[in-house]
Amino acid sequence: MPLLDIQNLTVDFKTASGAFRAVDNVSLTVDAGEVVSIVGESGSGKSVSMLALMGLLPWTATVTAERMAFDGNDLTGLSARQRRRIVGKDMAMIFQEPMSSLNPCFTVGFQIGESLKVHLGLDRAARRKRTIELLELVGIPSPADRVDSFPHQLSGGMNQRVMIAMALSCNPKLLIADEPTTALDVTIQAQILDLLVRIQKETGMGLVLITHDMGVVAETADRVSVQYAGQKVEEQPVAGLFDDPHHPYTAALLSALPERATSRRLPSIPGVVPGQFDRPTGCLFSPRCRFATDRCVEKVPPRQGALAGLALCHYPLTHGKPVGHPGPQATLNERLFV
Amino acid sequence: MFGFLLRRVGLVIPTFIGVSLVAFFFIRLLPGDPILLMAGERGLSPERYAELLTRFGFDRPIWEQYLGYLGALVQGDFGTSIVTKKPVMDEFFALFPATVELSICAILFAVVLGIPAGVIAAVKRGSGFDHGLMATALVGYSMPIFWWALLLIIVFSGILQWTPVSGRISLLYFFPSVTGFMLIDSLISGQKGAFASAASHLILPTIVLGTIPLAVIARQTRSAMLEVLSEDYIRTARAKGLSPFRVVGVHALRNALIPVVTTIGLQVGTLIAGAILTETIFSWPGIGKWMVDSIFRRDYPSVQGGLVLIAVMVMIVNLIVDMLYGLINPKIRYTR
């Protein structure tokens with residue numbers, strides 16, 4: 001039984017101009033000790049799906065799921081109070097902006113100790129001792145002094161370490177890291193990533209890494225789920241994904257990596273993720289896909305099998321060739337088809 | 001912290017001079033001659049008038065009068081009332097506790113009701129409670145104090161007869177003033193029912209004086225909370241599995257308090273202005289009523305002294321508020 005099992009998660013937001021579907025039938029499983037990465041550009045619903053799992057979405061969001069089970073508990077049937085016993089204890093999350101994710105009015109020691117008090121019921125002395133241990137674990141120098149620091153007295157990288165310490169405080173079985181390095185300097189990014197991977201290896205917890213950095217994915221993940229416009233478009237073990245991407249979107253993302261560039265000019269994906277008002281009827285990627293045909297525009301693509309990376313595509317790629325594709329003359333934009 | 005304090009106190013000096021200037025010249029700009037007012041309808045002979053003019057020093061050039069006044073002020077001499085012949089300082093501090101007692105009760109009333117109401121409105125944004133509270137706050141803020149006071153007197157003192165109409169305590173009780181605060185003195189006296197009587201006399205003036213601060217604090221708390229509740233660290237607090245009560249009451253409120261405390265500090269000035277009306281309506285023997293009486297009598301030293309002393313009190317309160325910021329938000333404390 002997987003540690004985390006999400007089947008067909010859908011999140012709708014009520015907006016002034018009608019409902020907006022941010023996450024559309026996304027499924028995801030994570031095993032204990034596994035690192036799963038969710039990739040996709042901004043607006044692809046990566047964060048929203050994980051916030052839905054944590055129960056952190058605002059009231060304007062409607063979350064539905066066929067199954068949302070964590071460690072054998074069905075989360076959909078739990079009351080808010082029962083859910084709070086899991087959230088922050090067995091399932092923890094860290095965020096993109098370490099500077100604004102910590103409360104400026106309280107010391108970092110207080111903020112870490114709070115989890116220990118609420119979930120483990122430790123007394124003051126035990127909390128302090130454990131907090132210092134945690135700060136040491138995440139590589140903060142002279143933790144006994146830093147425990148009484150306020151977030152504004154620490155750098156962004158240090159604050160992200162504090163966030164990690166907070167998330168680890170109750171030895172979670174699953175850690176969700178929502179773009180943990182995006183807001184940090186490049187040198188610090190590598191340190192934080194190394195820290196996360198090291199701790200994941202040591203503790204054997206599951207790790208969900210949300211990112212839009214393919215380099216990060218390649219270094220850390222066991223398995224990758226690619227999301228586009230709220231849908232999961234492909235899922236593969238990391239080696240397979242980089243070797244043989246099956247969805248044209250994944251392929252386009254990978255070819256946009258500087259390391260993989262073959263021409264002088266770095267390739268990019270034209271256009272942007274569709275929003276609330278320009279959502280295509282067929283395949284959501286069709287307006288930006290170089291293989292798109294009339295069928296792609298009109299019909300919702302089927303989910304392919306595991307061999308084709310569960311790709312959500314009419315013509316899944318195999319070694320760069322679209323299977324069953326009618327050929328260049330059928331594409332909407334011949335110029336793009338190679 | 002010490003350097004910060006020193007700089008703040010340094011700022012107080014020009015403010016103090018400004019206030020003394022305004023206090024000194026504005027009362028003299030008012031038409032009406034204090035000596036003629038004292039003489040009343042009988043009038044007085046030109047010789048006597050000139051003699052009195054010299055005695056109070058009103059015949060000297062105005063700038064000389066001001067410098068003399070300022071010089072005495074710096075030495076702590078606020079002058080002597082030309083009506084009662086008592087030192088202004090003594091009169092002020094004899095009446096001041098009554099105003100302080102009323103003001104403290106009013107601000108407590110406003111804070112104790114206003115902050116929770118604002119918090120609930122923010123958490124339940126868009127709900128019936130939110131809309132109802134904001135509409136009520138607007139009405140409360142817009143209502144003229146004297147009209148609101150009369151309305152309450154008619155309903156609670158007149159029709160329902162629940163509360164006394166005016167004064168600080170029933171005439172049945174008499175005990176020496178120890179602290180000047182009627183609630184405390186009545187407890188010290190040990191007389192049965194004295195405290196209840198003092199408290200019942202406080203209810204209506206407290207509500208009347210506290211209504212505007214209550215409305216302002218409730219609205220300010222709501223908007224500050226709304227801003228804070230969408231911050232990232234609130235999401236972090238919720239991600240820790242904390243109860244909504246703890247998230248709102250500890251993590252959000254602490255941050256929202258900064259603008260609220262500022263508002264409370266600013267309301268202290270408004271409170272003094274409100275106290276003048278409230279004290280007059282409820283015959284509350286405080287400095288507000290005393291100031292009004294002094295202005296009518298053109299009692300220059302009393303008005304001047306009263307204004308300066310009130311200004312000093314407001315400055316002290318604002319100084320305390322500034323220091324509170326650092327206690328609430330350590331970021332302000334360290335960055336100065």
Side-chain angles (χ1 to χ4, degrees), chain A residues 14 47 50-51 53-60 80-108 110-120 148-153 159 162-163 166-167 169-170 172 175-176 178 183, chain B residues 1 115 119-131 221 224-262 321 323-336:
Chain A
K14 275 190 224 107
S47 301
M50 288 301 110
L51 289 172
L53 172 66
M54 293 284 287
L56 295 179
L57 289 174
W59 61 272
T60 46
R81 184 185 290 270
Q82 289 169 321
R83 197 167 173 144
R84 284 203 300 273
R85 278 192 215 129
I86 299 174
V87 166
K89 182 171 183 281
D90 295 330
M91 185 162 70
M93 187 162 181
I94 60 173
F95 303 97
Q96 186 172 344
E97 291 283 348
M99 294 307 271
S100 60
S101 291
L102 286 166
N103 196 322
C105 286
F106 299 100
T107 63
V108 297
F110 173 87
Q111 296 187 57
I112 297 171
E114 220 177 7
S115 302
L116 299 169
K117 184 178 167 189
V118 170
H119 293 296
L120 306 178
D148 295 319
S149 298
F150 288 94
H152 68 270
Q153 295 171 307
N159 274 329
V162 170
M163 286 295 290
M166 194 188 286
S169 58
C170 304
L175 176 65
I176 301 163
D178 184 358
Chain B
M1 197 63 174
I115 290 182
V119 169
I120 295 170
V123 172
K124 304 211 175 295
R125 173 177 34 161
S127 67
F129 178 85
D130 183 20
H131 290 307
T221 306
M225 279 299 281
L226 279 181
E227 204 164 296
V228 168
L229 282 174
S230 62
E231 293 282 349
D232 285 349
Y233 50 77
I234 298 303
R235 187 182 57 190
T236 308
R238 290 173 60 216
K240 282 198 273 189
L242 303 181
S243 66
F245 186 79
R246 202 174 159 82
V247 171
V248 172
V250 176
H251 284 264
L253 186 59
R254 181 79 172 258
N255 283 279
L257 272 183
I258 294 270
V260 175
V261 167
T262 313
V321 167
M323 287 191 289
L324 274 180
Y325 291 158
L327 282 182
I328 296 168
N329 189 341
K331 202 166 172 174
I332 296 173
R333 193 189 317 162
Y334 287 99
T335 50
R336 304 267 153 94

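Side-chain atoms are counted along with the backbone in the values below, which use heavy atoms only and exclude waters and symmetry mates. Every chain is numbered from 1 and lettered A, B, ... according to where its sequence line falls, protein lines coming before strand lines.
The environment of CD in Glu227(B) is sparse: at most 12 heavy-atom neighbours from other residues, nucleotides or ligands sit within 6.0 Å.
Only the backbone of Leu57(A) comes within contact range of chain B, judged by heavy atoms closer than 4.5 Å. Interface residue Leu56(A): backbone and side-chain heavy atoms are both found under 4.5 Å from chain B. Contact annotation for Leu51(A): only side-chain heavy atoms (C-beta onward) come within less than 4.5 Å of a heavy atom of chain B. With a threshold of 4.5 angstrom between heavy atoms, Val228(B) does not approach chain A through any atom at all. For Met99(A), no part sits under 4.5 Å from any heavy atom of chain B, backbone or side chain.
Ranking Met93(A), Met166(A), Glu114(A) against chain B, the residue ahead of the rest is Glu114(A), based on heavy-atom pairs under 4.5 Å. Contact tally against chain B (heavy-atom pairs below 4.5 Å) for Pro104(A), Gly55(A), Ser115(A): the top residue is Pro104(A).
The nearest pair of heavy atoms linking His251(B) to Phe106(A) is CA-CE1, 4.2 Å.
Rounded to the nearest 0.5 Å, atoms CZ (Arg254(B)) and CG (Asn103(A)) are 8.5 Å apart.
For a heavy-atom cut-off of 4.5 Å, chain A lies close to Thr236(B), Arg238(B), Ala239(B), Lys240(B), Gly241(B), Leu242(B), Ser243(B), Pro244(B), Arg246(B) in residues 236-246 of chain B.
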